[in-house]
Amino acid sequence: MLEKIEYIFQKNSKNIEFFNLLINLFKDVKYVTNINNEEIHIITSNLKPKTIFRLDDITSNIQLNIGDIKYLNLLSRQNKDNKEVCNKKRLNINDVSLKLLGHVKRIDHTGINLPTTLFNELEYKNLLHYFSFKSNVYSYPTGEPWPFLLPVTEYEHKNEITNFKILREPRFEFIYDKYTNIIGIQIDIETDLSKNEIENLFPKEQGVYYEGCPFKAIYLDYDKNLDIRLDVRYQSTYSDWESGEWLVCKGKRM
């Protein structure tokens, strides 16, 4: 069973700045533990996997530890043509932190977007198979290619989820993305803000709306070969999405 998902960043000035953003944003989220400003542990209840962001003295690039298989180096593959990136307004990390400080109430999910131009279909399917074997992965009920991993107990992993009274966060989304040519990390956060209030904080071209999604996607000014995206979610009430019931009952376990 998958114990943890780790996002590992080399300890340098840019990544320390990014970590300070996460620490500030997550300070009011009850199920986040900050360890010496170098590790951020995120999990509700005693479920698995736990999501971890951490700084590392040795790691030379951003890596994703997906259990007992080899690290996936997120910056090891790059497209020579990154023209598509120029169309995205990338916002200063500190400015985003100041605007959202005190407004983040939960972490809905994290995830990675792997471009079809950098990873062939077999590589993606092998990674998806690994996740499906080691954890509870569900297809997206409305048919989009957005598989989601839900945190579970060992019993639920061997059988199925039937308890929908607990919060299962953060989920993990694993997308094979034909709409981008660089790798992306997404962090979906719910705020106490309305859509209008979010639009006032991030007006016009400062972010992107995706049809049918209750958030505005904010791209950080981080690296030309990696998108780090905050999906700033509008305030909502507890639903069958947060409990995982919609994915389990309407989707299909992979």
Side-chain angles (χ1 to χ4, degrees), residues 7-29 32 34 36-40 42 51-56 59-64 74-75 78-79 81-113 115 170 173 175 177 179-210 213-235:
Y7 297 89
I8 309 169
F9 298 75
Q10 185 185 28
K11 190 185 296 183
N12 57 39
S13 58
K14 175 62 73 174
N15 288 331
I16 290 173
E17 181 183 43
F18 171 62
F19 256 64
N20 287 336
L21 165 71
L22 296 184
I23 290 167
N24 286 335
L25 292 187
F26 298 164
K27 70 181 184 66
D28 295 328
V29 180
V32 172
N34 172 18
N36 298 325
N37 293 338
E38 294 188 356
E39 287 192 26
I40 300 169
I42 314 168
T51 298
I52 298 173
F53 289 86
R54 69 178 173 89
L55 294 171
D56 187 272
T59 301
S60 59
N61 259 327
I62 295 173
Q63 296 176 325
L64 180 67
L74 293 182
L75 295 187
Q78 300 174 4
N79 272 313
D81 180 13
N82 280 344
K83 293 180 180 178
E84 179 255 356
V85 177
C86 299
N87 296 325
K88 297 173 182 173
K89 176 73 173 178
R90 290 168 169 244
L91 305 184
N92 179 274
I93 290 175
N94 288 325
D95 289 346
V96 172
S97 179
L98 289 173
K99 287 184 177 184
L100 292 177
L101 186 64
H103 290 296
V104 178
K105 302 307 172 186
R106 66 182 188 86
I107 304 162
D108 188 89
H109 66 270
T110 71
I112 56 173
N113 293 51
E173 187 177 14
I175 295 180
D177 196 342
Y179 296 107
T180 185
N181 61 3
I182 63 174
I183 293 166
I185 293 177
Q186 52 175 293
I187 305 171
D188 186 301
I189 52 178
E190 185 185 323
T191 67
D192 59 1
L193 301 168
S194 67
K195 183 177 181 179
N196 286 338
E197 288 172 324
I198 289 174
E199 186 59 29
N200 287 334
L201 288 176
F202 303 102
K204 297 182 180 179
E205 77 283 356
Q206 294 186 18
V208 179
Y209 291 107
Y210 293 105
C213 296
F215 58 75
K216 189 169 192 179
I218 306 298
Y219 289 85
L220 301 182
D221 184 13
Y222 181 80
D223 186 282
K224 67 178 182 178
N225 294 305
L226 176 75
D227 273 331
I228 295 186
R229 189 181 97 195
L230 291 180
D231 292 342
V232 183
R233 191 173 284 261
Y234 327 138
Q235 184 179 28

Going by heavy atoms in the side chains, are [X] and [Y] under 4.5 Å from each other?
| X | Y | answer |
| --- | --- | --- |
| Tyr222 | Ile185 | no |
| Leu25 | Leu230 | yes |
| Gln10 | Asn61 | no |
| Ile189 | His103 | no |
| Phe202 | Leu100 | yes |

Got a second to check how far [X]'s [atom1] is from [Y]'s [atom2], nearest 0.5 Å?
| X | Y | atom1 | atom2 | answer |
| --- | --- | --- | --- | --- |
| Thr110 | Ile187 | OG1 | CD1 | 7.0 Å |
| Asp223 | Gln78 | CG | CD | 7.5 Å |
| Lys27 | Leu101 | NZ | CG | 5.5 Å |
| Leu98 | Leu201 | CG | CG | 11.0 Å |
| Ile228 | Asp221 | CD1 | CG | 10.5 Å |
| Leu226 | Ile112 | CG | CD1 | 10.5 Å |

Original post:
Residues in ring pair (Phe, Tyr, Trp, His ring centres under 6.0 Å) with Tyr219, at least two apart?
Top reply: none
Looking only at heavy atoms, what is the nearest atom pair of [X] and [Y], with distance?
| X | Y | result |
| --- | --- | --- |
| Ile218 | Gly207 | CD1-CA, 3.9 Å |
| Ile182 | Arg90 | CD1-NH2, 3.6 Å |
| Leu91 | Lys89 | CD2-CG, 3.7 Å |
| Gln186 | Asn113 | NE2-OD1, 2.8 Å |
| Asn92 | Asp95 | OD1-N, 3.0 Å |
| Tyr7 | Gly111 | OH-N, 3.2 Å |

Original post:
Phe215 and Asp108: side chain to side chain contact (heavy atoms under 4.5 Å, CB included), yes or no, with the steps?
Top reply: CA-CA 11 Å; Phe215 58 75; Asp108 188 89; over 6 Å; no
Original post:
Going by distance alone, is a donor N or O of one side chain under 3.5 Å from an acceptor N or O of the other, for Tyr234 and Asn196?
Top reply: no
**OP:** Return yes if a side-chain donor-acceptor contact under 3.5 Å exists between Glu17 and Asn94, otherwise no.
**Re:** yes
Original post:
If only atom types and distance count, is the side chain of Asn36 paired as donor or acceptor with the main-chain N or O of Glu38 below 3.5 Å?
Top reply: no
Subject >> Polar side-chain atom of Asn15 near backbone of Lys11 as donor-acceptor pair, under 3.5 Å >> reply: no
Original post:
Parallel, tilted or perpendicular: which describes the rings of Phe18 and Phe9, with under 30° parallel and over 60° perpendicular?
Top reply: tilted
**OP:** Could you pull out all residues at least two apart from Glu199 that satisfy salt bridge (Lys or Arg N to Asp or Glu O under 4.0 Å)?
**Re:** Lys216
**OP:** Report the C-alpha distance between Phe53 and Ile42 in whole Å, list the side-chain angles of each, state the deciding distance to 0.1 Å, and finish with yes or no for side chain to side chain contact (heavy atoms under 4.5 Å, CB included).
**Re:** CA-CA 9 Å; Phe53 289 86; Ile42 314 168; 4.0 Å; yes
Subject >> salt bridge (charged side-chain N to carboxylate O under 4.0 Å, His left out) contacts in which one or both residues fall within residues 181-190, not counting sequence neighbours >> reply: Arg106-Glu190, Asp188-Arg233
